[in-house]
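Here is how names work: the chains are called A, B, and so on, in the same order as the sequence lines, proteins then strands, and each is numbered from 1.
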Amino acid sequence: MARWLVKTEPDECGIDDFARDPKNPITWDGVRNYQARNFLTEMAEGDDVFIYHSSCKHIGVAGVVKVARAAYPDPAQFDPESPYYDGKSTREKPRWKAVDMLFQRKLERLITLDELKGIAGLDDLPLVRRGSRLSVMPVSDEHWQIILQQEKRN
DNA sequence: GCCAACGTTGGC
DNA sequence: GCCAACGTTGGC
């Protein structure tokens with residue numbers, strides 16, 4: 001089973017939005033970057049996913065969700081009203097994918113980007129790399145454990 | 001196919 | 001709000 005991390009702006013959709021209605025999956029749509037899309041496509045039902053809060057006051061890993069439905073065509077790309085509309089995408093050959101994700105748990109505390117940057121073992125995690133804009137990325141078992149261990153620290 | 005211009009991301 | 005880094009676009 002693979003593990004992942006996705007970035008999100010908590011004002012748009014953060015871990016609290018998952019927690020508010022924990023039985024209801026949320027559609028992870030609007031990914032408009034090819035590398036990120038390719039990772040989305042690799043996600044399998046049941047995979048664990050870190051929710052990372054970006055572009056906000058408290059930046060860091062906030063919780064865990066799981067993939068409830070593997071990749072399918074992102075409905076937003078066909079909706080002219082959506083900010084994620086892509087006129088060049090067709091239903092026959094959809095360009096973009098979405099997955100559904102289900103709440104697992106909120107971390108006991110936010111694991112901040114700042115502290116993640118200080119952990120040598122995470123050097124090759126795209127998240128902590130300077131200038132990295134990748135919004136969906138795989139997380140190795142080792143990295144996953146390292147990040148979770150931080151939760152128990154003060 | 002190159003690459004300058006432009007738009008976006010995202011930390012600060 | 002600033003701006004560095006990056007991805008995409010489009011002229012050539």
Quiz item: Within this structure, what is the CH2-to-P distance between A:W96 and C:dG7, rounded to whole angstrom?
Solution: 13 Å
Which atom pairs, one a donor and one an acceptor, fall under 3.5 Å between side chains of residues 43-50 of chain A and the rest of the protein, sequence neighbours left out?
residue : atom : partner : partner atom : Å
A:D47   : OD1  : A:A2    : N            : 3.3
A:D47   : OD2  : A:W4    : NE1          : 2.9
A:D47   : OD2  : A:A44   : N            : 3.0

Quiz item: Above 12 or not: heavy atoms from other molecules or residues under 6.0 Å from CG of A:D124?
Solution: yes
Self-check item: For atom CD of A:E12 and atom P of B:dT9, their distance in whole Å
Solution: 11 Å
Exercise. State which of C:dA5, C:dT9, C:dG7 makes the closest approach to the side chain of A:N33.
Key: C:dG7
Report all interatomic pairs (protein N or O, nucleotide N or O of nucleotides 10-12 of chain B) with separations under 3.5 Å.
residue : atom : partner : partner atom : Å
B:dG10  : OP1  : A:K7    : NZ           : 2.9
B:dG10  : OP1  : A:R133  : O            : 3.1
B:dG11  : OP1  : A:Y52   : OH           : 2.7
B:dG11  : OP2  : A:S55   : N            : 3.0
B:dC12  : OP1  : A:K117  : NZ           : 3.0

Exercise. Provide, to the nearest angstrom, the distance between the OH atom belonging to A:Y84 and the C1' atom belonging to B:dT9.
Key: 13 Å
Exercise. Evaluate the side-chain proximity of A:Y84 to A:F78: yes if any heavy-atom separation is below 4.5 Å, no if none is.
Key: no
Exercise. State, to 0.1 Å, how close A:A98 and A:T27 come at their nearest heavy-atom pair, and which atoms those are.
Key: CB-CG2, 4.1 Å
Practice problem: Evaluate the side-chain proximity of A:L102 to A:Q104: yes if any heavy-atom separation is below 4.5 Å, no if none is. | Solution: no
Quiz item: Taking only side-chain nitrogens and oxygens of A:R130, does any of them come within less than 4.0 Å of OP1 or OP2 of C:dA5?
Solution: yes
Quiz item: Looking at side-chain heavy atoms only, is the closest gap between A:V61 and A:Q150 below 4.5 Å?
Solution: no
